[in-house]
Every structure is written in structure tokens, then in C-alpha cells.
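Below is one structure, written out as C-alpha cells; comments come after it.
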Amino acid sequence: MELIPGLPDDIARECLIRVPYAGFSAVASTCKGWKAEIELTQFRSHRRSAGHSQTIFVMAQAVLDPAWSIGFAKFCHIPVYRLTTFEPVSGSWSELPAPPEFSGGFPMFCQLAAAGSDLVVIGGLDPVSWEASSSVYIYSFITATWRRGADVPGVRRSFFGCASDGDCMVFVAGGHDNEKKALRSAVLYHVERDEWAALPDMARERDECKGIFRGGKFHVIGGYGTEMQGKFDKSCESFDPATWQWSPVREDALMASTCPRTCVDGDADDHLYMCKDGNVLALAGTTWRVEAKIPGDVYNPSHVTKWQGKLLVIGSPRVGGPQKAYVLDLSTCTWTNVESPEKFSGHVQVGCCVEI
């Protein structure tokens with residue numbers, strides 16, 4: 001059966017790859033053939049190679065507290081988090097619908113990962129009971145619908161490192177259990193199969209670590225052990241899915257014992273970026289250098305994402321202040337202010353980049 005009656009399928013595919021992602025749910029609901037086509041991995045690859053893919057940043061962002069309008073310096077209650085999106089090309093901001101279970105807000109400190117055209121939301125703390133959750137929810141940008149995934153196996157963990165290969169695998173490592181014991185364990189989630197697999201344990205306990213996927217490996221950066229309680233380790237270790245093994249621990253991967261929250265992958269296997277002390281720092285090999293000064297409006301970054309030779313930095317001039325966003329062009333080291341409506345100036349806890 002032809003995708004579009006009267007047209008060769010290759011011409012029909014050229015039409016479909018030009019549909020903006022916001023129209024995918026309408027395409028998917030038009031007929032089974034179109035839905036099957038746009039769900040193919042080859043469709044995403046064709047769309048990307050033809051230059052029609054769209055980059056979307058998805059963030060767990062607090063609903064703005066009305067107290068800001070009367071001058072209070074901090075949130076006056078436990079913030080409610082929703083999922084917001086930002087499209088850097090159009091500059092548009094929007095909000096994703098929540099599944100019924102999260103109608104009152106997403107779990108605090110949940111993790112987000114992009115897997116193909118899916119967004120995976122893992123764990124977090126219940127905003128009422130503060131208990132750690134093992135839940136997994138997947139949002140499809142193709143059908144604009146949510147589905148429930150298999151729970152994370154093992155102990156309930158929070159403040160873990162998480163990263164995706166961008167295709168179908170999401171890695172989870174470290175964090176701590178309900179007894180505040182830092183963890184060495186790690187697991188892998190295959191999104192299409194809705195299956196979890198246990199990975200070998202890491203060499204070290206890593207609470208509040210940062211997960212990054214680059215060069216075909218899952219890198220777990222920093223964190224701290226149970227006895228250290230907040231004294232961050234400067235080391236990292238990497239898991240290779242091809243060999244199913246962890247690398248030896250790399251000492252002094254970070255330049256200082258600091259929270260690795262702002263670490264993002266660089267342009268090569270030995271390259272990282274991070275924000276610290278008012279600077280964007282770049283690691284090449286074993287050498288850190290100052291890449292750029294951070295604008296005062298985002299001096300305290302809450303979230304950093306890298307894409308296509310740029311860094312999106314979201315933060316505030318002071319801890320707890322309204323959030324603003326800037327983009328750093330890494331080729332010219334120049335900053336551009338990102339206009340954002342006031343309703344999207346709440347604190348960003350975590351985020352990820354989805355290429356559709």
C-alpha cells in the first residue's frame with residue numbers, strides 16, 4: 001500500500017521527514033502506515049541526514065512561585081515541577097502534558113533521558129511523602145502520549161547518575177538507598193524492550209554523581225561514598241557495553257572536589273565542559289582551561305546542556321533567584337541571551353536534549 005496514494009514512496013517519505021515534530025501525533029493518528037513509517041529508526045536517520053531534525057531541550061522546571069512578584073527571595077513552599085521544552089531555533093517555550101499520576105507535579109530530583117524520539121523519566125522523590133520512587137514513564141514525541149515502563153530493579157535509589165546512548169539504552173548508576181548508603185550498583189534499561197539488566201558494580205560508591213554517554217561508553221563522574229557525606233570525589237569510571245566491563249578508575253578527572261552537576265560531554269573522548277566559579281571550563285586530555293566567563297545573570301548555573309557546538313546555560317545571579325538562559329557559541333566564545341517568558345523562569349532541576 002502506498003504511503004501517499006499516487007506518489008512513489010520515496011517522494012512520500014520526503015514529505016513526511018519535513019513535518020515539524022509538533023505535527024507527528026496528527027500524522028501518527030492519520031493512518032497506520034504513516035505511524036509505522038515515522039516510528040522507524042531509519043526515518044529518524046533520514047530526517048537527520050537531510051537536515052530536518054529538530055533539537056528540543058526538555059527540563060524538569062519548577063512552577064514559578066507568585067511570591068516572586070512581591071519580592072520574596074526564595075520559594076515559600078515545596079516547589080511543584082513540570083516538564084517544559086525549549087526549541088533553540090524558534091526560541092519557543094512550552095509545557096509537556098503530565099501523565100495522570102503526576103498531575104500534581106513530577107517527582108523531585110527525577111532524571112530525564114532521551115532515547116530516539118522518546119523521553120524517559122526515571123525515579124525521583126515523591127513531593128508529598130519524600131519517598132524514593134523506582135517508577136519509569138516514557139513520553140513519545142511521535143504520538144504525544146505517555147506509557148508506563150518497568151520499574152527500576154533493586155533498591156530504591158535517588159540522586160543517581162543517568163545517561164542515554166541517544167537511541168534505545170538508558171544507564172543508571174550510583175546514588176543512595178533509603179538508608180542514605182551510597183551505591184556502587186548500576187543497571188541498564190532497554191526502552192524498546194522495556195527490560196532492565198544489571199551491570200557489574202562500579203569500583204566506588206558514587207552518590208550525587210553525573211552520568212554522561214560519549215564515545216560509545218557510559219561515564220560516571222564524581223560523587224561521594226557513604227563515609228564522605230558531601231565531600232565529592234574527583235574521579236570517574238566508564239562502562240563499555242561492548243565488553244560489559246568498567247574501566248579502571250581515572251583519578252583527578254575533575255579539577256576540584258566539586259558537585260559534577262554542570263559537567264557535559266565535549267567534542268572528543270577526552271573532552272568535558274563544566275561551569276565553576278563563574279567560568280566555563282574545558283577539559284582536553286588532562287588539562288583544564290577557562291573557555292569563557294559566565295554572564296552575571298546565570299552566575300549560579302542550575303543546568304547545562306551541550307548541542308551542535310553550543311552550550312545552553314540556565315541559572316540565576318544568586319542562589320534561589322529567577323532563572324535565565326544564555327547560549328555560548330563554543331567556536332567564538334560569545335554569549336547570546338535567550339528570551340524566555342516569565343512563567344518559564346522557575347528553577348530547572350534536570351534536563352536533557354532530544355533530537356527528533
Side-chain angles (χ1 to χ4, degrees), residues 18-24 51-75 79-98 105-106 112 114 119 139 141 144 261-265 273-276 278-282 291-356:
R18 287 165 168 78
V19 175
Y21 88 90
F24 279 178
H52 298 299
S53 63
Q54 293 171 273
T55 298
I56 305 150
F57 298 110
V58 184
M59 295 158 282
Q61 187 172 37
V63 176
L64 192 64
D65 192 322
W68 284 114
S69 63
I70 55 174
F72 282 88
K74 291 188 176 181
F75 286 105
V80 174
Y81 283 88
R82 65 265 171 85
L83 294 186
T84 60
T85 65
F86 169 62
E87 297 179 52
V89 174
S90 66
S92 63
W93 294 77
S94 61
E95 182 176 346
L96 288 182
F106 282 82
L112 308 180
L119 171 71
Y139 180 78
F141 280 95
R261 181 185 66 247
T262 64
C263 283
V264 295
D265 61 305
Y273 292 101
M274 75 176 299
C275 296
K276 187 178 187 299
N279 295 310
V280 174
L281 305 175
E291 197 79 358
K293 291 285 186 181
I294 298 175
D297 284 348
V298 289
Y299 185 86
N300 289 285
S302 64
H303 178 65
V304 180
T305 303
K306 177 180 175 291
W307 94 105
Q308 298 176 0
K310 297 180 177 66
L311 287 184
L312 173 69
V313 179
I314 298 177
S316 58
R318 63 188 186 280
V319 175
Q323 306 273 282
K324 296 188 177 182
Y326 279 75
V327 170
L328 174 65
D329 187 322
L330 294 168
S331 64
T332 61
C333 290
T334 55
W335 291 94
T336 303
N337 180 34
V338 175
E339 296 293 332
S340 58
E342 185 179 7
K343 66 178 291 188
F344 294 102
S345 61
H347 177 260
V348 173
Q349 204 156 66
V350 70
C352 69
C353 178
V354 186
E355 185 179 4
I356 302 177

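We count residues from 1, following the sequence as given.
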Original post:
Excluding sequence neighbours, so at least two apart, what forms side chain to side chain donor-acceptor pair (under 3.5 Å) with Asn300?
Top reply: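 None.
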
**OP:** Could you tell me whether the side chains of Gln323 and Ser345 share a donor-acceptor contact shorter than 3.5 Å?
**Re:**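 There is no such pair (donor and acceptor under 3.5 Å, judged by atom type) between the side chains of Gln323 and Ser345.
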
Original post:
Regarding Thr55 and Glu355, is there a side-chain donor-to-acceptor distance under 3.5 Å anywhere?
Top reply: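 No.
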
Using a 3.5 Å distance criterion without hydrogens, assess whether the side chain of [X] forms a donor-acceptor pair with backbone atoms of [Y].
X	Y	value
Thr85	Glu95	no
Asn279	Leu281	no
Gln61	Gly346	yes
Trp93	Glu87	no

Give me the atom names and distance for the closest heavy-atom approach of [X] to [Y].
X	Y	answer
Phe344	Arg82	CD2-NH2, 3.8 Å
Pro301	Val304	CB-CG2, 4.4 Å
Val298	Ala325	CG1-N, 4.3 Å
Ala62	Pro79	CB-CB, 3.9 Å

Min side-chain heavy-atom separation [X]-[Y] under 4.5 Å:
X	Y	answer
Tyr81	Met59	no
Val58	Phe141	yes
Phe57	Pro88	yes
Tyr139	Leu96	yes
Val327	Trp307	yes
Phe24	Ile356	yes
Lys324	Ser340	no
Lys306	Leu330	yes

**OP:** With sequence neighbours excluded, tell me which residues meet ring-ring contact (aromatic ring centres under 6.0 Å, His included) with Tyr299.
**Re:**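 With sequence neighbours excluded, Tyr299 shows a ring-ring contact (aromatic ring centres under 6.0 Å, His included) to no residue whatsoever.
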
Subject >> ring-ring contact (aromatic ring centres under 6.0 Å, His included) involving Tyr326 - partner list, sequence neighbours excluded >> reply: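 For Tyr326 there are no ring-ring contact (aromatic ring centres under 6.0 Å, His included) partners, ignoring immediate neighbours.
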
Rounded to the nearest 0.5 Å, what's the gap from [atom1] on [X] to [atom2] on [Y]? Could you check?
X	Y	atom1	atom2	value
Lys276	Arg261	NZ	CZ	12.5 Å
Leu311	Ile294	CG	CD1	9.5 Å
Lys310	Thr334	NZ	OG1	9.0 Å
Thr336	Leu328	OG1	CG	8.5 Å
Cys353	Ile56	SG	CD1	8.5 Å
His347	Ser302	NE2	OG	4.5 Å

